[in-house]
Amino acid sequence: MANSFLEASARERVQAVCDAGSFQEILKPSDRISSPHMALLEQPVAFDDGVVIGRATLGGAPVLVAAQEGEFLGGAIGEVHGAKITALIAKAVKEKPRAVLLIFESGGVRLHEANAGLIAVSEIMRAVCAARAQGIQFIGLIGGAAGCFGGTGLIARCCDVLIMSEEGRLAMSGPEVIETVYGVEEFDSRDRALVWRVSGGKHRYVMGDIQALVADEVEAFRQAALQALDSGRVSFDLENLEAEHAMLTQRLEQFGDCRDAKEIWQRLGLPSAEELALMPADEFVKTTADARNVARGAQ
């Protein structure tokens with residue numbers, strides 16, 4: 001099995017993060033549950049529709065887990081793909097596992113099934129919020145090549161805890177989408193350094209959008225997931241929501257005129273973008289601790 005989380009498949013990630021031999025898949029490829037729309041459009045299908053779901057244990061605790069497969073249509077969400085995740089969350093409400101692990105790798109909604117995919121995203125978000133209100137903890141992991149964009153990015157931000165590697169990317173709109181809509185002057189999707197500075201794990205960690213930044217190693221993701229499990233769930237109430245809105249308002253006032261993450265880092269008094277880019281995850285976390293507190297409004 002690959003040591004790199006980035007290079008691993010969805011099933012390899014599940015098996016590496018969860019306790020060895022504990023994963024029991026629900027709706028296996030042999031059940032041949034695939035999209036009813038793709039064949040009509042003469043498009044390839046996958047017998048798991050690009051997402052793996054099932055039961056497992058993590059540190060001996062029961063969990064439910066879903067992992068998107070970026071190798072199939074970039075992990076994009078269609079009707080069946082979304083229904084599998086929504087049904088898994090409904091199962092969590094009934095079975096009350098210790099947590100639900102969501103391993104994200106998706107560019108967002110599957111364009112071939114646009115309306116069905118959009119509905120699926122809203123259903124997943126509603127299910128996550130309803131389950132969190134019932135006391136279910138959600139731990140999200142982001143480190144795949146396809147990133148976590150579009151509706152999937154919205155779903156990810158509904159989680160209690162997000163764990164991400166530098167190689168992962170998280171945003172509402174992907175670089176190509178921004179460039180297509182607003183032009184290359186607004187965002188050059190071919191500038192890979194810019195893409196990762198803006199949506200990559202390091203910047204998301206500095207801004208407090210994720211709770212843990214780890215190296216691109218499956219074991220690092222596993223250890224971070226175990227720590228998240230032990231830390232417990234985040235209170236899902238109006239007070240926390242209002243605090244988050246206040247933080248976002250402050251962020252806009254502080255950094256609304258910045259056009260690049262390196263301008264934000266400079267304003268926070270951090271080393272140069274070139275120095276930060278070369279830092280290993282653990283060193284980066286130590287170096288940016290104070291700046292992260294400022295960005296989150298905790299002076």
- Message: I want to check something: taking the side chain as every heavy atom from C-beta on, are Leu241 and His245 in contact at a cut-off of under 4.5 Å?
- Response: yes
- Message: The criterion is salt bridge (charged side-chain N to carboxylate O under 4.0 Å, His left out); which residues satisfy it with Glu263, sequence neighbours excluded?
- Response: none
- Item | Lys/Arg-Asp/Glu bridge criterion (N-O < 4.0 Å) met for Asp160, Arg132 | yes
- Task: Check whether the side chains of Glu219 and Gln223 place a donor and an acceptor atom closer than 3.5 Å, and report yes or no.
- Result: yes
- Any side-chain donor paired with an acceptor under 3.5 Å for Glu113 and His81? no
- With a cut-off of 6.0 Å (strictly less than), are more than 12 heavy atoms of other residues, nucleotides or ligands near NZ of Lys96? yes
- Within 45° cone of Phe5 ring axis and under 6.0 Å: Arg13 NZ or CZ: yes
- Task: Flag the pair Leu102 / Ile139 as yes when at least one side-chain heavy-atom distance between them is below 4.5 Å, and no otherwise.
- Result: no
- Item | Side-chain heavy atoms of Val52 within contact of Ile103, under 4.5 Å | no
- Message: Salt bridge check, Asp209 against Arg296: does any charged N sit closer than 4.0 Å to a carboxylate O?
- Response: no
- Roughly how far, to the nearest 0.5 Å, is the OG atom of Ser106 from the CZ atom of Phe72? 11.5 Å
- Query: Has Arg292 got its NZ or CZ under 6.0 Å from the middle of the six-membered ring of Tyr205, at an angle within 45 degrees of the ring axis?
  - Reply: yes
- Item | salt_bridge(Arg55, Glu95) N-O dist < 4.0 Å | yes
- So Trp265 and His203, would you call those rings parallel, tilted or perpendicular, with 30° and 60° as cut-offs? tilted
- Query: Could Lys84 and Glu79 be called an ion pair, given the rule that one side-chain N must be under 4.0 Å from one carboxylate O?
  - Reply: no
- Query: Among side-chain atoms of Asp49 and Ser35, is any donor-acceptor pair under 3.5 angstrom?
  - Reply: no
- Query: For Glu179, what residues pass the side chain to side chain donor-acceptor pair (under 3.5 Å) criterion, not counting sequence neighbours?
  - Reply: Ser189
- To the nearest 0.5 Å, what is the distance between CD (Glu105) and OG1 (Thr152)? 10.5 Å
- Message: A quick test of your reading: do over 12 heavy atoms of other residues, nucleotides or ligands sit less than 6.0 Å from CD of Glu71?
- Response: no
- Item | Least distance between heavy atoms, Val17 atom then Ala225 atom | CG1-CB, 4.3 Å
- Message: Can you list, by chain and residue number, the hydrophobic cluster partners of Val234 when the side-chain cut-off is 4.5 Å?
- Response: none
- Lys/Arg N to Asp/Glu carboxylate O, Asp257 vs Arg267, below 4.0 Å: yes
- Query: Going through the checks in order, is the salt bridge (charged side-chain N to carboxylate O under 4.0 Å, His left out) test met by Glu244 and Arg157?
  - Reply: CA-CA 12 Å; Glu244 190 78 5; Arg157 292 292 281 128; 3.2 Å; yes
